[in-house]
Structures are given as structure tokens and as C-alpha cells.
Amino acid sequence: MQAPYACDPARSRGRLFEEEGSTFRSCFQRDRDRILHSSAFRRLKHKTQVFVEHEGDYYRTRLTHSLEVAQVARTISGALGLNQELTEAVALAHDLGHTPFGHTGEDALAELMAPFGGFDHNAQALRIVTKLETHYADFDGLNLTWETLEGIAKHNGPVPAPHPYALSEYNARHNLELDTHASAEAQVAAIADDVAYNNHDLQDGLRAGLFTEEEVAALPIVCDAYAEVDAKYPNLDRRRRRYEALRRVFGVMVGDVIDTAQASLKATGAGSVEELRMAGIAMVTFSDDLREQINVIRRFLFTRMYRAPSVVEVRERVTQVTIDLFQTYLNDPRMLPENWQAQIAAVRDQGETEIARSVADYVSGMTDRFALLEHARLCGGQGLGDLHGPAQR
């Protein structure tokens, strides 16, 4: 049964460019399908989550992460009586704007773009789905519904001014009400992201040998999960024991979000999605107790994984790759493919800022693999096989 504060596709605010509706898909289903078929979504297959894409076949990439987020989001959305197709669309699109090399690439590009309005992966995701995907005859972008665009822009909450240029540019044409909270569906997508990465980063860190099973088993939430597994399966082999414990951690986090959100939504008495947007607080969150425990896990991951010496070494090298590529293309756009050279020519009379933004669009769209190959070709840098991380398959 759909909740009164769920987004109803029949009451969607529509698309920037009007289209005929489908006879067999809702508008949110069409959004999800367009995102799945986009070039940017396919490129997530070879983009970093934590480890550079080629470091091992079993580590998460942005694509597998996005699929896991979508699965968690659909589960939570269904339990809360929300629109699962809209939730899934936002979840699948939430990382489209990520650069090669994950947050490392984003940090480098943000610094390079500081004189030209900055760079933010959420804003870039909106730029991709409203401008850079050019497959349709009648419009640039994917022409997604207002609700999906809202979710992409502000699933993490209201966007404080000054807004990133990629948000401001589109918002001037199609007001996404950036100062309010997004729909409950978008909030679910955001919390599902937290659930997914906190769990799979523990798995990937263990596989990479960055910390031990005993260290992970001592963490909040995780320790109870291991104790439960050991009580039920006292002689379970190590690999299955780990999997059984960590999937229970998933369950604890998802269950807590559902219980907490149900209580928050009931307490507000929101009778519509508009009332929920104007409530002034996020409704889909962890409980205070679980959030404190998750913060302990986050601090552990930050110290032992994201800032591990072997990971930092790779971060430093791919930061230089990002810098070199951006500066090479900005200094000589003839190094870009022909279609991108044409785009640069079209904005050349608008000044260096627009040229830099086009270069950022190109560099941010690269996969890890392609960025390393292009760097080797253009800058004489190390090739793909020479850049090793903490572990190989």
C-alpha cells in the first residue's frame, strides 16, 4: 500500500521537455530505464569505488556499488510504502558524476576547477543527465522527471548557497527547490548509499589485507553479528563465517532505518510529499544509537582503509594523473577527440571558464582504465599495469 507522502507518478511535476506518456511504464520507470541505458552508467563499470579499477576483479566498482545501493533502496522504499521505481532511479544515478579514481579524482578536479566555479560529483551527475548525454533527437540529456532530478540534486539534503555552477545553470531553467529536503524516496537512496558502502568497504578491506578479521569482529554492530554466527554455526569455515556475519550487519542497518523512518514519518503526520519536503528535517535516517556505532566503523575505515599507506600511495599517483590530463587538455584542446574539440570551439568565445568546464566534463567522464592509458600516451606516464595498489587478485 502506497503511503500518502509517497511520490505518485500520476502527479509528477513532469519533464522540462514535454513527452507523450508510455502505455506500459510509469514516468519513474522510464527514468530508471533511461539511466540504466545511459553511457555514463555503463562507464561506472571501470570507475573506482576505493581501489583503482584494475587492482582486482572482486573489489567493488562504482557500478557494482550503485547496483547494491539500488537493491538496498528498493527494500527500504517498499517497507515504507514509497515509490520503488523513483527510489531506484535516484539510487542508480547518484554516482553518475564521479570522476575516475573516486573521491581522489574528484578532489583533484575540484581544486583544478576552483577558478572556474568548482567541481562536485552530485552537481556533475545532474549536468550529465540534463546536458551531456546526447542520444535523443528532441533534447540534450535524458529529460528525466522533476522528481528524479530533485533526488539527484539534493538526496543528501538541501543544497546551501552558493550552489555549484552545474546546479545553478539547470536550476535557473527548471527550479528544483534546492533549499528544501528531497522526497522520502530520494532520502532512502541517500541512506542506502551509507548502508552499502559501510558494509562492502569492510569486505573489500578484508580482502585487500588492510586489517584483520579479528579487528573487524571487534567493531560495534559487527561484534554482535559474529557472536550470533558463532553461536549458530560453531565450526563454520572462515570465509562463510565472514559472509554470514557481514550480511547480518546489513540487516541490522536496514532494519534500523526502516524502524526509525516509520517512527519519524508517523510523528510528523505528513499527509503528502510536499508536507514532507517542507518539514525541515530528514525523515529517513539511522537511530541516534546506531549512528554512533556506525561512526565508529567509519572512523576505523578512514584510518585503516582510506588512509592506509598503500592506498595513499596510489591516491598520490592518480592525483597527478588527473592534474596532468586536465592541464594538457586545457592548454591544448587539440589533444581532445574531434567531437570534444568541436564543443570547445562552440564555447571558445565565452572565455576560459567555459573551456575549462568542457575539459572537466571530458576528464570526469573517463574511466580509470582510459585515464591511465591516455596519461601514458599524452604525458609519458606509467601504464595500467604499472600502477599497483594494496592487493592483486
Side-chain angles (χ1 to χ4, degrees), residues 7 9 12-21 27-44 62 66 85-99 106 109 113 116-156 158-159 161-180 182-183 185-186 189-190 339-340 342-344 346-347 350 353-354 356-366:
C7 285
S12 170
R13 298 195 195 184
R15 307 177 188 276
L16 183 61
F17 300 98
E18 189 173 346
E19 296 183 56
E20 271 189 41
C27 58
F28 300 147
Q29 287 176 298
R30 292 182 82 185
D31 284 358
R32 176 201 59 199
D33 296 348
R34 288 180 180 188
I35 291 163
L36 278 170
H37 288 281
S38 68
S39 299
F41 187 77
R42 289 196 297 276
R43 288 197 299 271
L44 295 180
R62 285 286 162 191
S66 296
E85 284 72 32
L86 173 59
T87 307
E88 185 177 21
V90 176
L92 291 170
H94 84 283
D95 269 354
L96 289 180
H98 261 293
T99 65
E106 179 177 8
L109 203 53
M113 285 293 294
F116 311 110
F119 182 89
D120 172 83
H121 79 269
N122 284 328
Q124 189 67 15
L126 189 75
R127 187 169 168 89
I128 287 168
V129 300
T130 59
K131 182 175 182 177
L132 300 182
E133 288 284 328
T134 53
H135 300 294
Y136 296 90
D138 294 327
F139 45 77
D140 288 339
L142 305 180
N143 199 33
L144 305 176
T145 60
W146 186 93
E147 290 79 7
T148 298
L149 296 175
E150 175 209 33
I152 294 171
K154 55 181 183 175
H155 57 273
N156 289 324
V159 184
H163 301 136
Y165 73 87
L167 286 185
S168 298
E169 184 178 68
Y170 185 79
N171 201 59
R173 303 172 63 198
H174 197 190
N175 185 8
L176 299 178
E177 300 173 2
L178 297 175
D179 58 341
T180 67
S183 65
E185 285 85 355
N339 59 318
W340 284 87
Q343 183 170 323
I344 296 289
V347 300
Q350 299 177 38
T353 292
E354 289 304 317
R357 289 175 178 178
S358 292
V359 170
D361 289 338
Y362 183 65
V363 174
S364 66
M366 289 180 165

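For reference, positions follow the sequence shown, starting with 1.
For the atom pair L149 CG and T130 OG1, the distance stands at 7.0 Å (nearest 0.5 Å). Atom OG of S38 sits about 8.0 Å away from atom CZ of R43, to the nearest 0.5 Å. A distance of 11.5 Å separates CG in L142 from CG in D33, rounded to the nearest 0.5 Å. Expressed to the nearest 0.5 Å, how far CZ of F17 lies from CG of D140 amounts to 7.5 Å. Summarising the geometry, atom CD belonging to E85 is positioned 13.5 Å from atom CD belonging to E147; distances are rounded to the nearest 0.5 Å.
In this structure, the side chains of K131 and D361 stay at 4.5 Å or more apart for every pair of heavy atoms. Proximity of E185 to V90: side-chain heavy atoms (C-beta onward) are nowhere separated by under 4.5 Å. By the 4.5 Å heavy-atom criterion applied to side chains, L16 and N143 are counted as neighbours. Counting heavy atoms from C-beta on, the side chains of L132 and Q124 come closer than 4.5 Å. Contact check for S39 versus H135: side-chain heavy atoms found under the 4.5 Å cut-off. Taking 4.5 Å as the limit, some side-chain heavy atom of N122 sits within range of a side-chain heavy atom of H155. The closest side-chain heavy-atom distance from C27 to E19 is not below 4.5 Å. Side-chain contact check for D120 versus E106: some heavy-atom pair is nearer than 4.5 Å.
Contact detail for A346 and Q350: the closest heavy-atom pair is O-NE2, 4.0 Å. Shortest non-hydrogen contact noted between A182 and E150 is CA-OE2, 3.4 Å. Minimum interatomic distance between I35 and A89 (heavy atoms only, all atoms of both residues): CD1-O, 3.4 Å. Among all heavy-atom pairs drawn from A186 and G151, the shortest one is CB-CA, 3.5 Å. Across all non-hydrogen atoms, the minimal contact from L109 to A360 is CD2-O, 4.0 Å. For the pair L126 and A166, the tightest heavy-atom approach, listed with the atom from each and the gap, is CD2-O, 4.2 Å.
The backbone N or O of H174 sits nowhere less than 3.5 Å from a side-chain atom of W146 that would complete a donor-acceptor pair. The backbone N or O of A40 lies less than 3.5 Å from a partner atom in the side chain of E133, making a donor-acceptor pair. R32 places no side-chain N or O within donor-acceptor distance of the main-chain N or O of L86, the cut-off being under 3.5 Å.
Checking F119, Y165, Y362 one by one against R357, the side-chain contact (heavy atoms from CB on, under 4.5 Å) holds for a single residue, Y165. Just one residue in the list L144, D31, T148 forms a side-chain contact (heavy atoms from CB on, under 4.5 Å) with V129, and that residue is L144.
Note on ring orientation: taking the six-membered ring where Trp is involved, the planes of H121 and H98 are parallel (angle under 30°, cut-offs 30° and 60°).
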**Message:** Run R127 and Y170 through side chain to side chain contact (heavy atoms under 4.5 Å, CB included) and show every step you take.
**Reply:** CA-CA 8 Å; R127 187 169 168 89; Y170 185 79; over 6 Å; no

**Prompt:** Taking it one step at a time, do L96 and I152 satisfy side chain to side chain contact (heavy atoms under 4.5 Å, CB included)?
**Reply:** CA-CA 10 Å; L96 289 180; I152 294 171; 5.8 Å; no

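A cation-pi arrangement, defined by a distance under 6.0 Å to the six-membered ring centre and an angle within 45 degrees of its axis, is present between R34 and Y136.
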